[in-house]
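Every chain is numbered from 1, with letters handed out A, B, ... down the list of sequences. Since the model is a prediction, treat every value here as computed from it, not as a measurement.
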2 protein chains.
Amino acid sequence: MEFADLIARGRPRYRTATAFVEDVLREAILSGALAGGTPLRQEELAAAFDVSRMPVREALRQLEAQALVDFAPHKGAVVTEISASDAADHYAIRAALEPAALRLSLPHLTAEDLARAEGLLAEMDTEPDMSRLGDLNRRFHLVLYARAGRPRLIALVEQHLAAADRYLRFHFAALGRDKMGQHEHAALLAAASAGDAGEASRILTTHIETAARGIEAFFAAR
Amino acid sequence: MEFADLIARGRPRYRTATAFVEDVLREAILSGALAGGTPLRQEELAAAFDVSRMPVREALRQLEAQALVDFAPHKGAVVTEISASDAADHYAIRAALEPAALRLSLPHLTAEDLARAEGLLAEMDTEPDMSRLGDLNRRFHLVLYARAGRPRLIALVEQHLAAADRYLRFHFAALGRDKMGQHEHAALLAAASAGDAGEASRILTTHIETAARGIEAFFAAR
DNA sequence: CTTAATAAAATTGGATCCAATCGACAATCA
DNA sequence: TGATTGTCGATTGGATCCAATTTTATTAAG
């Protein structure tokens, strides 16, 4: 368990132990530190987090509802497996939700929003660490959607953007670092700045479908 | 608490008490038996379900992840409020997800699927009970999406269809019983039977947006 | 009479303990 | 030899108990 060091450090920031355990576990799963199929023994986790089994159980329940772990009665929790079809599932959801969020948000984007998005794009060009790159990518997308004024929709998008991060490494391997959609990101930002919702939405759809196809190709190859 | 009678009856069907509590609470919230804003005291629920507080807590955690209750540390759980903006949020998600699911599913629909959908439509014409009507409506929609081959997408659609049921009574009040989209349902089914994905998707989008506007109008009026 | 401080009650968060269930391995029988 | 059954260990599900926090009631001061 190599995330043991993360544990002691972040501890006092949280109000409740359950929230602490939940956040660390989610991050570990989404980043790939906990691979798909890993069984999550309650007692083991409780010892690692230095809490009792109860906050672990509640955290696992919430992660189950977020489709990050599979629960079987009296069998326990297992990190959900990643697969080509699971990736296709997540990307189909993204392809449906994100253009909708963008269309709602775009008319209300401010100059500061666009500047922030541009800044994030620039950071992405020089960021070597993949996990941080995934974070920057998420934030870039979310900045563009944030003005949609639909908190549930945004929360869903955020959740599936994070889930897509589990496949980022495959995306990398399939398409290579520089091909990772920076052109599309720039074009998307340009269309958004011009206020062209139709064009922006088209680019975004293509962007997501391209990523999905890259991951599919990777799985097909191996 | 008028769902106390539901409790003892369904008890032995469930493998775990947590699943039992979770399902009954979700049904109660979605059907409106538990109104928005209702505080959910753990001990009270535990007594009503005749279990300890722990399965109640785990169930509430999962309902929180499903956005059916709001949790505040040391304050407890409250049934999430319904509102015009919340309805708009849910319907924006539906409008994004369901046409996508339909397009994926439509080419794989079988004659039996379409017959089942038609049967559900016929049942809806004569069903007086609103809660059953909501159930029939959900099943009609889901039959059309079920062949999409994207379990996560379908699960999301199912969740938000159920959430929309919380607003069904408003939809009723605003548009009246017969105007509740049976024309659109029939047209949707016809387009699906003809294999016309574009037309079916257009009708579905209109259908959802019409419902959303009806609910919005209801909230605006009162 | 209002407001601030404080003490008591109610409620949730967390820990420990016990019971129920599942998996593996061994023993028995066909 | 193979299948079935039974027992034991491991692990989770559930109950009870204690601690921490919030809220409410009370009291005192302005």
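Taking the six-membered ring where the residue is Trp, Tyr167(A) and Tyr91(A) present perpendicular rings, their angle passing 60° and hence far from 30°.
Atom C1' of nucleotide dC22(C) and atom CZ of Phe71(A) are separated by 15 Å, given to the nearest angstrom. Taking atom CD on Glu43(B) and atom P on dA15(D), their separation rounds to 13 Å, with Å as the unit. Here dT12(D) presents its P atom at 14 Å from CD of Glu64(A), a figure rounded to the nearest Å. In this structure, the OH atom of Tyr14(B) is 18 Å from the P atom of dT21(C), given to the nearest Å. For the pair Phe49(B) CZ and dG14(D) C1', the interatomic distance rounds to 16 Å; values are reported in whole Å. If you measure from atom CG of Asp50(A) to atom P of dG14(C), you get 13 Å, rounded to the nearest angstrom.
Around atom CD of Glu118(B), no more than 12 heavy atoms belonging to other residues, nucleotides or ligands sit under 6.0 Å away.
Among the heavy atoms of the strands, none lies under 4.0 Å from Leu60(A).
In this structure, of dG14(D), dG14(C), dT12(D), it is dG14(C) that holds the atom nearest to the side chain of Met54(A). Picking from dT11(C), dG14(D), dA15(D) the nucleotide with the shortest atom distance to the side chain of Arg41(B) gives dT11(C). Residue Arg15(B) places its side chain closer to dC22(C) than to any other of dA15(C), dG13(C), dC22(C).
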Which pairs would a plain distance check flag for residues 155-162 of chain A, meaning a side-chain donor or acceptor within less than 3.5 Å of a matching protein atom at least two apart in sequence or in another chain?
| residue | atom | partner | partner atom | Å |
| --- | --- | --- | --- | --- |
| His160(A) | ND1 | His90(A) | ND1 | 3.2 |

Considering only distance and modelled atom types, tabulate donor-acceptor pairs under 3.5 Å from the side chains of residues 66-75 of chain B, sequence neighbours left out.
| residue | atom | partner | partner atom | Å |
| --- | --- | --- | --- | --- |
| Gln66(B) | OE1 | Arg26(B) | NH1 | 2.6 |
| Gln66(B) | NE2 | Glu22(B) | OE2 | 3.2 |

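For Thr16(B) and dT12(D), the shortest distance from a side-chain N or O to OP1 or OP2 is not below 4.0 Å. Here Thr18(A) does not reach the OP1 or OP2 of dG13(C): none of its side-chain N or O atoms lies under 4.0 Å away. Between Gln42(A) and dA10(D) there is no side-chain polar atom (N or O) within less than 4.0 angstrom of OP1 or OP2. For dG13(D), neither phosphate oxygen OP1 nor OP2 lies less than 4.0 angstrom from any side-chain nitrogen or oxygen of Arg53(B).
Residues Leu60(B) and Leu25(B) form a side-chain contact, since some pair of their non-hydrogen atoms from C-beta on lies under 4.5 Å apart.
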Go through the steps to decide whether Asn137(A) and His185(A) satisfy the test side-chain contact (heavy atoms from CB on, under 4.5 Å), and finish with yes or no.
CA-CA 9 Å; Asn137(A) 178 60; His185(A) 281 155; 3.2 Å; yes
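The base of dG14(C) lies outside donor-acceptor range of the side chain of Arg57(A), with no N or O pair under 3.5 Å.
Listed in residue order, the members of residues 72-81 of chain A having a heavy atom less than 4.0 Å from DNA chain C are His74(A), Lys75(A).
Taking CG of Asp135(B) as the start and CD of Glu123(B) as the end, the distance is 9.5 Å to the nearest 0.5 Å.
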